[in-house]
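All remarks here apply to the structure that follows.
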Amino acid sequence: MAYLQIKNFCKSFDGLKVLKGIDLDIEKGEVVSIIGSSGSGKTTLLRCINFLETTDDGEMYIEDDCLIDRTTIFDSDDVLRNKRLNFGMVFQSFNLFPQYNVFDNITLAPTLLLKSKVHPKKQKDLYHAEKERIDKEAYALLETIGLTDKKNAYPCELSGGQCQRVAIARALALKPKILCFDEPTSALDPELTGEVLKVIKSLKGQDRTMIIVTHEMGFAKKVSDKIVFMANGKIEEMGTPSEIFDNPKSDLLKAFLSNIDKKDGE
């Protein structure tokens, strides 16, 4: 059984069918890029996977654990939060907290999660030990994204590329099983794109499972184990980078590839 299984995901907005029965299997450590024209449903699919949207129908399993099926009821914030913890989401617009510095942006979520499980005053020793571990891991993440010198800087003092790298570290801080990216370079100037793509490529070498919605075709070709091409709310074609880019079969994929500016992703 695949590490992540998605079966018959369907989603409509105001009667418009955006996802029309999506089936997708992803193996552990696999990097999957989702490509397609605007309006094809790729971002909606990613948001449904991350529980930022609720599916109308479908099932989802991770490591044989059922996260969504026909009986699923999100009757509490705790239930929804626990399901979301399986995934880390990196948004195209960064979504950093402007009132916190880089280090606090990275440590905020795991610290809040710790406080929900360990009382800072009643379980002082355990809390401080776990908080020390969170801080140590945050320093390691700063090294991973190459921003140890920006530990105390605020988002307004960073470039767009630096902000996105902090957003990646923040997503990793909760140790998600699957890391998701929604157009991670679309809000960046071209000269800043490379630094973000370099970090994402380095994560692949750490055997992380990743889903990337991207318009960077050259990057997708280099970093992905599998490419998913979506059109009209469906998976039109799926295969290895070579199969998708060098030997497309569907007319829709051929038309899409002929109309994009292929980039090398560096």
Side-chain angles (χ1 to χ4, degrees), residues 1-13 16-74 77-95 109 167-168 170-186 200 203-204 207-215 220 223-238:
M1 181 177 288
Y3 186 61
L4 176 69
Q5 283 190 307
I6 295 168
K7 300 180 179 181
N8 193 40
F9 261 22
C10 297
K11 179 65 179 178
S12 297
F13 294 100
L16 177 65
K17 292 183 179 179
V18 179
L19 299 180
K20 305 173 183 177
I22 301 295
D23 296 316
L24 179 61
D25 287 350
I26 298 176
E27 301 298 336
K28 189 171 185 179
E30 194 171 37
V31 178
V32 176
S33 288
I34 304 175
I35 64 173
S37 302
S38 297
S40 61
K42 54 189 187 297
T43 292
T44 298
L45 172 59
L46 197 66
R47 290 179 62 83
C48 287
I49 291 172
N50 281 271
F51 296 93
L52 298 174
E53 298 285 354
T54 303
T55 56
D56 299 328
D57 195 6
E59 303 173 28
M60 182 165 67
Y61 301 83
I62 187 167
E63 293 186 305
D64 299 334
D65 180 25
C66 180
L67 299 182
I68 301 174
D69 63 13
R70 293 176 181 272
T71 66
T72 302
I73 299 175
F74 301 111
D77 290 339
D78 287 342
V79 170
L80 188 58
R81 182 173 61 250
N82 287 334
K83 291 180 182 291
R84 280 179 177 160
L85 286 173
N86 289 286
F87 304 92
M89 183 71 164
V90 179
F91 300 90
Q92 56 184 289
S93 55
F94 321 139
N95 288 8
I168 292 171
R170 183 179 62 178
L172 289 170
L174 285 171
K175 300 180 179 178
K177 294 178 179 178
I178 298 176
L179 188 60
C180 301
F181 298 86
D182 182 18
E183 299 280 12
T185 62
S186 65
I200 297 174
L203 296 177
K204 176 180 172 65
D207 199 34
R208 295 186 186 274
T209 308
M210 295 188 281
I211 306 173
I212 307 170
V213 169
T214 182
H215 63 277
V223 78
S224 306
D225 299 299
K226 182 189 297 179
I227 303 286
V228 173
F229 170 64
M230 291 188 64
N232 302 317
K234 298 180 180 180
I235 294 180
E236 177 70 15
E237 194 165 335
M238 180 166 51

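Scope of the values below: all heavy atoms of this structure, side chains included, with no hydrogens, waters or symmetry mates. Values in this document were obtained by computation on a predicted structure and should not be read as measured data.
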Side-chain ([X]) to main-chain ([Y]) donor-acceptor, under 3.5 angstrom:
| X | Y | value |
| --- | --- | --- |
| Arg208 | Ile200 | no |
| Glu183 | His215 | yes |
| Lys42 | Ser37 | yes |
| Arg170 | Asn95 | yes |
| Asn86 | Lys83 | yes |

- Restricting to pairs with a member in residues 22-31, which pass salt bridge (charged side-chain N to carboxylate O under 4.0 Å, His left out), not counting sequence neighbours? Glu30-Lys226
Between [Y] and [X], is there a side-chain heavy-atom distance shorter than 4.5 Å?
| X | Y | result |
| --- | --- | --- |
| Leu46 | Met89 | yes |
| Glu63 | Tyr3 | yes |
| Leu4 | Met60 | yes |

- salt bridge (Lys or Arg N to Asp or Glu O under 4.0 Å) assessment of Asp225 paired with Lys204: CA-CA 10 Å; Asp225 299 299; Lys204 176 180 172 65; 3.1 Å; yes
Show the nearest heavy-atom pair for residues [X] and [Y], with the distance to one decimal.
| X | Y | value |
| --- | --- | --- |
| Gly233 | Ile22 | O-CD1, 3.4 Å |
| Leu174 | Ala109 | CD1-CB, 3.8 Å |
| Ala220 | Thr214 | CB-CG2, 3.9 Å |

- Message: How long is the straight-line distance from CZ of Phe9 back to CD1 of Ile49, given to the nearest 0.5 Å?
- Response: 6.5 Å
- Given Thr44, Leu45, Thr43, the one that forms side chain to side chain contact (heavy atoms under 4.5 Å, CB included) with Arg47: Thr43
